[in-house]
Amino acid sequence: MITDFSERLIVQEVSPRDGLQIEPTWVETADKIDLINQLSLAGFSRIEAGSFVSPKAIPALRDGDEVFRGIQRQPGVIYVALIPNLKGAERAMAAGADELNLVMSASQTHNLANMRMRCEQSLSAFGDIVSFTAGSEVTLNGSIATTFGCPFEGKIDEDRVLQFVDAYLELGMQGVSLADTTGMANPRQVHRLVQRVLTRLPASALTLHFHNTRGLGLSNVLAAYEAGARRFDASLGGLGGCPFAPGASGNICTEDLVNLCDEMGIETGIDLPHLLTLSRRLPALLGHEMPGQVAKAGRNCDLHPAPVGLS
Ligand code: COA
Ligand code: ZN
């Protein structure tokens with residue numbers, strides 16, 4: 001297959017959710033709102049702005065209600081909320097989320113660790129959420145965490161992942177995300193699974209969610225893109241990680257992804273200088289360096305003056 005690199009790549013920014021959920025430093029509600037407002041001006045069409053989970057499970061995002069109510073919505077931006085159960089759906093709808101991202105793991109062990117439920121219980125809760133949201137304007141996306149590998153169980157059977165994709169589609173969800181929770185995916189595996197999933201749903205309904213835990217994040221993006229995927233999650237600065245997955249670390253870094261796309265001529269519609277400005281503020285907000293690289297190195301086109309005295 002010859003890949004058409006002129007096809008637009010859609011980036012869903014997840015730093016306000018995946019990015020902040022693992023941070024030990026409390027980020028004030030006003031600072032979360034300011035971050036989302038700034039991200040809303042950078043050209044994203046989709047921002048995962050928070051989660052509505054147990055505040056005991058993820059204290060860092062316990063203010064999701066105030067955050068969603070406080071943001072300045074930009075037209076054309078879909079504000080997504082991650083939820084695990086019906087209570088999360090009720091809270092997210094009341095706070096005005098445009099889309100609910102329903103999450104469970106392909107791995108039974110990780111789902112028990114993360115959601116304190118078996119996969120079957122998660123699916124049953126998702127059925128309740130579908131009924132609850134029927135007739136509303138909210139859209140539903142189903143995420144499958146640990147799709148490409150689990151830190152407890154290791155490899156995940158691809159057919160099991162496909163069964164969950166089918167279950168989500170049967171429930172009537174509009175989108176599906178395949179998540180590599182702890183960066184265990186490799187490009188060949190990604191290419192194969194994306195091709196298989198795209199026989200079931202269009203590229204406009206599939207999102208890939210990669211973590212750069214083992215340095216393969218952007219390689220996996222290219223493999224997925226070549227297999228036909230067009231939507232990707234990424235996090236400003238390369239923040240992110242699941243607190244219930246040992247060894248978890250950051251999502252693929254948004255500005256590194258956008259820089260890659262700019263260099264390759266893949267359109268994203270995202271303003272890279274704006275992103276770099278935002279990313280360079282994160283160390284002061286969170287008290288540590290970011291894993292992302294382009295914010296430190298600058299864009300390819302950010303040249304340096306030649307040393308003086310060259311002849
Ligand atoms: N929002 C707020 N509170 C919630 C909630 C939600 N979506 N779901 C449950 N709760 C509350 C209950 O009201 C109850 O409160 P109480 O102790 O004051 O009575 C408490 O949490 C326990 O409820 P229960 O239904 O027994 O949940 P649990 O302890 O079995 O935990 C989850 C299940 C799914 C709520 C929890 O594991 C969770 O939130 N996990 C998400 C983890 C996550 O976000 N991981 C990273 C993203 S993938
Ligand atoms: Zn993640």
Side-chain angles (χ1 to χ4, degrees), residues 11-23 48-68 80-95 97 100-126 128-129 132-133 141-151 177-185 207-214 216-217 220-221 231-254 257 291:
V11 185
Q12 172 164 264
E13 172 61 31
V14 299
S15 58
R17 197 280 297 171
D18 208 329
L20 297 185
Q21 72 184 8
I22 197 170
E23 287 297 319
E48 195 166 67
S51 67
F52 293 87
V53 303
S54 159
K56 287 183 197 134
I58 306 282
L61 299 183
R62 62 180 182 263
D63 55 352
D65 312 75
E66 294 100 298
V67 170
F68 267 83
V80 181
L82 180 145
I83 59 162
N85 57 13
L86 184 59
K87 178 159 186 176
E90 290 165 355
R91 289 177 59 209
M93 297 270 284
L100 309 184
N101 184 18
L102 284 54
V103 181
M104 63 172 274
S105 297
S107 149
Q108 196 72 266
T109 314
H110 182 253
N111 208 53
L112 282 164
N114 194 33
M115 300 299 182
R116 295 160 156 292
M117 283 181 265
R118 296 183 61 78
C119 298
E120 308 81 66
Q121 292 168 290
S122 281
L123 276 179
S124 154
F126 295 172
D128 296 341
I129 294 166
F132 174 70
T133 56
N141 183 78
S143 282
I144 306 175
T146 67
T147 283
F148 299 94
C150 167
S177 297
L178 304 179
D180 185 24
T181 309
T182 56
M184 292 174 75
T207 302
L208 276 296
H209 176 104
F210 292 122
H211 282 257
N212 197 36
T213 313
R214 292 176 175 80
L216 293 181
N220 288 328
V221 169
R231 274 170 57 165
F232 295 88
D233 285 350
S235 177
L236 191 71
L239 288 171
C242 173
F244 302 99
S249 63
N251 292 81
I252 56 168
C253 168
T254 311
L257 172 61

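Whatever order the structure lists them in is the order used to number ligands and atoms, beginning at 1.
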If you compare all heavy atoms of [X] against all heavy atoms of [Y], which two are closest, and at what distance to 0.1 Å?
X      : Y      : answer
Asp180 : Ala185 : OD2-N, 2.9 Å
Arg118 : Gln121 : N-OE1, 2.7 Å
Ser143 : Asn101 : OG-OD1, 2.8 Å
His211 : Gly240 : CE1-C, 4.2 Å
Phe126 : Val103 : CZ-O, 3.4 Å
Met184 : Pro151 : SD-N, 3.9 Å

- Task: Check the pair Thr207 / Asp233 against side chain to side chain donor-acceptor pair (under 3.5 Å), numbers first and verdict last.
- Result: CA-CA 7 Å; Thr207 302; Asp233 285 350; 5.1 Å; no

So is there a nitrogen or oxygen of [X] less than 3.5 Å from a nitrogen or oxygen in ligand 1?
X     : answer
Leu82 : no
Ser51 : no
Phe52 : yes

- Task: Looking only at N, O or S atoms, find the one in His211 nearest to the Zn ion (ligand 2) and name it.
- Result: NE2

- Name, closest N/O/S atom of Asp18 to the Zn ion (ligand 2): OD2

Hey, which atoms in ligand 1 end up nearer than 4.0 Å to a heavy atom of [X]?
X      : answer
Gly88  : 7 (N)
Pro84  : 34 (C)
Asn114 : 37 (O), 40 (N), 41 (C), 42 (C), 43 (C), 45 (N), 46 (C), 48 (S)

Is there a protein heavy atom less than 4.0 Å away from [atom]?
atom                    : answer
atom 7 (N) of ligand 1  : yes
atom 13 (O) of ligand 1 : yes
atom 27 (O) of ligand 1 : no
atom 22 (C) of ligand 1 : no

Check: [X] side chain, [Y] main-chain N or O, donor-acceptor pair, under 3.5 Å:
X      : Y      : answer
Ser235 : Asn251 : no
Asn212 : Ile252 : no
Gln12  : Val14  : no
Arg91  : Val53  : yes

Can you check which of [options] brings a heavy atom nearest to [atom]?
atom                    : options              : value
atom 2 (C) of ligand 1  : Arg91, Gln121, Arg17 : Arg91
atom 35 (C) of ligand 1 : Asn85, Ile83, Val53  : Asn85
atom 39 (O) of ligand 1 : Ala113, Ala89, Ser54 : Ser54

For [atom], what is the closest protein heavy atom, and at what distance to 0.1 Å?
atom                    : result
atom 31 (O) of ligand 1 : Arg116 CD, 3.2 Å
atom 34 (C) of ligand 1 : Met115 O, 3.5 Å
atom 38 (C) of ligand 1 : Ala57 CB, 3.7 Å
atom 18 (O) of ligand 1 : Lys56 NZ, 4.0 Å
atom 3 (N) of ligand 1  : Pro55 CD, 3.5 Å
atom 10 (N) of ligand 1 : Lys87 CD, 4.0 Å
atom 46 (C) of ligand 1 : Gln21 OE1, 3.4 Å

- Query: Will you find, in the side chains of Ser122 and Asn111, an N or O donor that is under 3.5 Å from an N or O acceptor?
  - Reply: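 Judged by distance alone, the side chains do pair up.
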
- To the nearest 0.5 Å, what is the distance between CZ (Phe52) and CG (Asp65)?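 With rounding to 0.5 Å, CZ (Phe52) is 5.0 Å from CG (Asp65).
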
- Nearest-0.5 Å distance, CD1 of residue Ile83 to CD1 of residue Ile129: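 So the gap between those two atoms works out to 4.0 Å.
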
- Task: Answer yes or no as to whether an N/O/S atom of His209 is found below 2.8 Å from the Zn ion (ligand 2).
- Result: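 Short answer: yes, at least one N, O or S atom is under the cut-off.
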
